[in-house]
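Structure first, then comments.
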Number of protein chains: 2
Amino acid sequence: MGKKTTIYDIAKKLEITAATVSRALNNSPKISKKTRELVLETAKEMNYEQNKLALALKSGKSNNVGVIVPRIDSNFFASVIRGIEEELFANGYHVIICQTHNDENIEIENINTLLNAQVDGVLMSISNVDVYKNKSFNRIFKKQVPLIFFDRKANIEGVSSVTINDFEAGYKVTKHLIEQGCKKIAHLSGNILLEIFNNRFLGYKQAIEDEGIEFNEDYVIRINSTVEDGRNAVKKLLSLKNPPDGIFSSSDYAALGAIQELKANNIKIPDDISIVGFANEPFTKFMELSISTVDQSPVEMGKIAANVFLEQVNNTDKSKIEKKVVLTPELLIRKSSLKKDITK
Amino acid sequence: MGKKTTIYDIAKKLEITAATVSRALNNSPKISKKTRELVLETAKEMNYEQNKLALALKSGKSNNVGVIVPRIDSNFFASVIRGIEEELFANGYHVIICQTHNDENIEIENINTLLNAQVDGVLMSISNVDVYKNKSFNRIFKKQVPLIFFDRKANIEGVSSVTINDFEAGYKVTKHLIEQGCKKIAHLSGNILLEIFNNRFLGYKQAIEDEGIEFNEDYVIRINSTVEDGRNAVKKLLSLKNPPDGIFSSSDYAALGAIQELKANNIKIPDDISIVGFANEPFTKFMELSISTVDQSPVEMGKIAANVFLEQVNNTDKSKIEKKVVLTPELLIRKSSLKKDITK
DNA sequence: CTGTTAGCGCTTTCAA
DNA sequence: TTGAAAGCGCTAACAG
């Protein structure tokens, strides 16, 4: 009962050979209709189930892909994974999840164990910018396992990636704030070593310069994407001799913290200070004072990353495919940055 | 370069046999210190990496477990999965994610493909109450693959589960509303066929009866866990000749919709109507009018489910382990149900 | 159309 | 302490 039936069992029963059974099961053309039906029938009778492990060992394809993210319990990453899973499951792949918690050692370990498990590909959002310099990381290239970055990528030649245009996002947000009448715009940034944060910052900078506003170093505060850091950043900003009248936060959570702190100081939003976040976390929409933010279409990002992987893995000829997909961010203007007295 | 080195390669180089290499690599006691060191050394030199697939085929253990949830992009499920992954990765297992989108056919298909992939266990939150009656589902018992339910479980003898005490949760919430002075308490329920929703409902009913309040069928509305359904439910409630003064929603999203609709009708929360949700979704805390809710400690739930699996899989003797873990829900009282003029 | 054979990479008796 | 050989379950090349 615990023992599973193999193709040998059904071969023996039918007094044929395992190869024939295999052919029948796989709809090989070189088999008679009669035996095929017979095999299929008795296979069902005997509750035969294909052992994918044997197939995997034989073919060298596990039909598993690894997905590595900092953590899964953030709406953004969970949504990307949702997209990946939906697309890949439909193509016969399973998705193995790994979290790094932004720990470089764990990140490397994840890659190692995934490769040992013979995954057919790795989709990841890097935690550590320099991870690709690690020796273990190079196994992925040596083994020629398709690697696709999404969102937090490293810039490696020959490696595909799916991102949004963070520069454009930063530019759009800043432009929007300026159009709302803001002249002194602060920026809550993240780890500038990560491309995404650097690009958002560069977009911000470009926008204010394009509008003839002078760049002020004091207005740029580098923080983590947390509510608390957002609050602290605002404390710092308010203590400036010339505090800002607009804030572009690279994180919704920090934007939330900023709003809390501003309210605690009886500062009116958006009239005194307008604010825009980033990522379109669900709560931004639900607040009474809804928070303007940037949508990154994470589910679509996941689907596209999955499809880039599929292309790559199905690409038979030697030509290396390198695909850099850049999605257009969508600025969602909500109450936190929309002044009522402005008529456009 | 693309070809990976096997134990045969290193055996050949050292002019020993693959078996010896295997023993050296696995720290078998029956091997000389000298050859072991030699093997380990050249293994490193040749960049040897164990092929887990071969091991899996040989041993019948894949070191993968499947996790099946309705969808991954909800904070609750993502958090449970986070807990599962953290616990299982530390024990050498990989987590394969599957989503059902509440589609029974997909749910069955997920189970089938996971079993074919030879997972060592399945942790799931069921989408369809009757899924266990499906013939395919029974493969899981025939194969003796450990099965653990979390949150949305079916009541099957011999199957372990990790849940919260939903009855207690429903009871606590309702009692709290009564203590706040509510006398006419409505309940937004879910699919009553799922134990979790039925138990919350039963807790609710018990509480009002314990307090001498008459149960009113009109106050119980069965909806989906969405903002829109929450709004519609409130519309219905407000149209009653005797509308409620308190609402216990089995879903935070529905609670949010309810609040939106109440506000649209200029009804004061919590003074005119108090409201409590369920699940402690992040947004409930962030609203200006923060929403009272029930925390289910999802990360811990995941960790426990993982540990129940580990116990089960490591249990060598024949004795069936059936473990039904029931966690205590925590009522989080926030603004939406805390009347200022009440002094306790 | 079907059978024979070999092999994917590893572990594990059984002998030596 | 090491070697030889079998086998996990499947597929594919080669014969017939």
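Below, chains carry the letters A, B, ... as their sequence lines are ordered, and counting in each starts from 1.
Rounded to whole Å, the distance from NZ on B/Lys4 to C1' on C/dC8 is 9 Å. A/Asn51 places its CG atom 17 Å from the P atom of D/dG7, with the value rounded to the nearest Å. Protein atom CD1 of B/Ile7 is 8 Å distant from nucleotide atom C1' of C/dT11, rounded to whole Å.
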Please report, to 0.1 Å, the donor-acceptor pairs under 3.5 Å made by any side chain of residues 37-47 of chain B, with sequence neighbours excluded.
from: B/Thr42; atom 1: OG1; to: B/Leu38; atom 2: O; distance (Å): 3.1
from: B/Thr42; atom 1: OG1; to: B/Val39; atom 2: O; distance (Å): 3.1

Could you list the donor-acceptor pairs under 3.5 angstrom formed by side chains in residues 8-15 of chain A, with sequence neighbours left out?
from: A/Asp9; atom 1: OD2; to: A/Thr6; atom 2: N; distance (Å): 2.8

Can you give each donor-acceptor pair under 3.5 Å made by side-chain atoms of residues 127-136 of chain A, sequence neighbours left out, with the distance rounded to 0.1 Å?
from: A/Ser127; atom 1: OG; to: A/Thr100; atom 2: OG1; distance (Å): 2.5
from: A/Asn128; atom 1: OD1; to: A/Asp130; atom 2: N; distance (Å): 3.0
from: A/Asn128; atom 1: ND2; to: A/Glu104; atom 2: OE1; distance (Å): 3.4
from: A/Asp130; atom 1: OD1; to: A/Lys133; atom 2: NZ; distance (Å): 3.3
from: A/Asn134; atom 1: OD1; to: A/Ser136; atom 2: N; distance (Å): 2.7
from: A/Ser136; atom 1: OG; to: A/Asn112; atom 2: ND2; distance (Å): 3.2

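B/Arg71 and B/Asn102 form no side-chain donor-acceptor contact under 3.5 Å, judged by distance and modelled atom types alone.
For the pair A/Gln118 and C/dC8, the criterion of a side-chain N or O lying under 4.0 Å from OP1 or OP2 is not met. Between A/Tyr8 and the phosphate of D/dT11, there is no side-chain N or O to OP1/OP2 separation shorter than 4.0 Å.
Nucleic acid contact for B/Leu55: sugar-phosphate only, since backbone atoms but no base atoms lie under 4.0 Å from a heavy atom of the residue.
Residues that satisfy the side chain to side chain donor-acceptor pair (under 3.5 Å) test with A/Asn116, not counting sequence neighbours, are A/Arg139. Evaluation of the side chain to side chain donor-acceptor pair (under 3.5 Å) rule for B/Ser160 yields B/Gln312 as partners, not counting sequence neighbours.
A heavy atom lying under 4.0 Å from DNA chain D marks none of the residues of residues 29-47 of chain A. Near DNA chain D, meaning a heavy atom under 4.0 Å from it, residues 57-66 of chain B has B/Leu57, B/Lys58 in order of number. The stretch residues 10-26 of chain A comes close to DNA chain C through A/Ile16, A/Thr17, A/Ala19, A/Thr20, A/Arg23, each having a heavy atom under 4.0 Å from the strand.
When each of A/Val80, A/Ile81, A/Val95 is tested with B/Ile72 by the rule side-chain contact (heavy atoms from CB on, under 4.5 Å), just one qualifies, namely A/Ile81.
Sorted pairs that involve residues 21-79 of chain B and meet ring pair (Phe, Tyr, Trp, His ring centres under 6.0 Å), not counting sequence neighbours, are lacking altogether. For residues 74-91 of chain A, every residue pair satisfying the salt bridge (charged side-chain N to carboxylate O under 4.0 Å, His left out) rule, not counting sequence neighbours, is listed here: A/Arg82-A/Glu86, A/Arg82-B/Asp73, A/Glu86-A/Lys303, A/Glu87-A/Lys303. Sorted by first and then second residue, the salt bridge (charged side-chain N to carboxylate O under 4.0 Å, His left out) pairs with a member in residues 144-163 of chain A read A/Lys153-A/Glu195; sequence neighbours excluded. Pairs engaging residues 91-112 of chain B under the ring pair (Phe, Tyr, Trp, His ring centres under 6.0 Å) rule: B/Tyr93-B/Phe309 [sequence neighbours left out].
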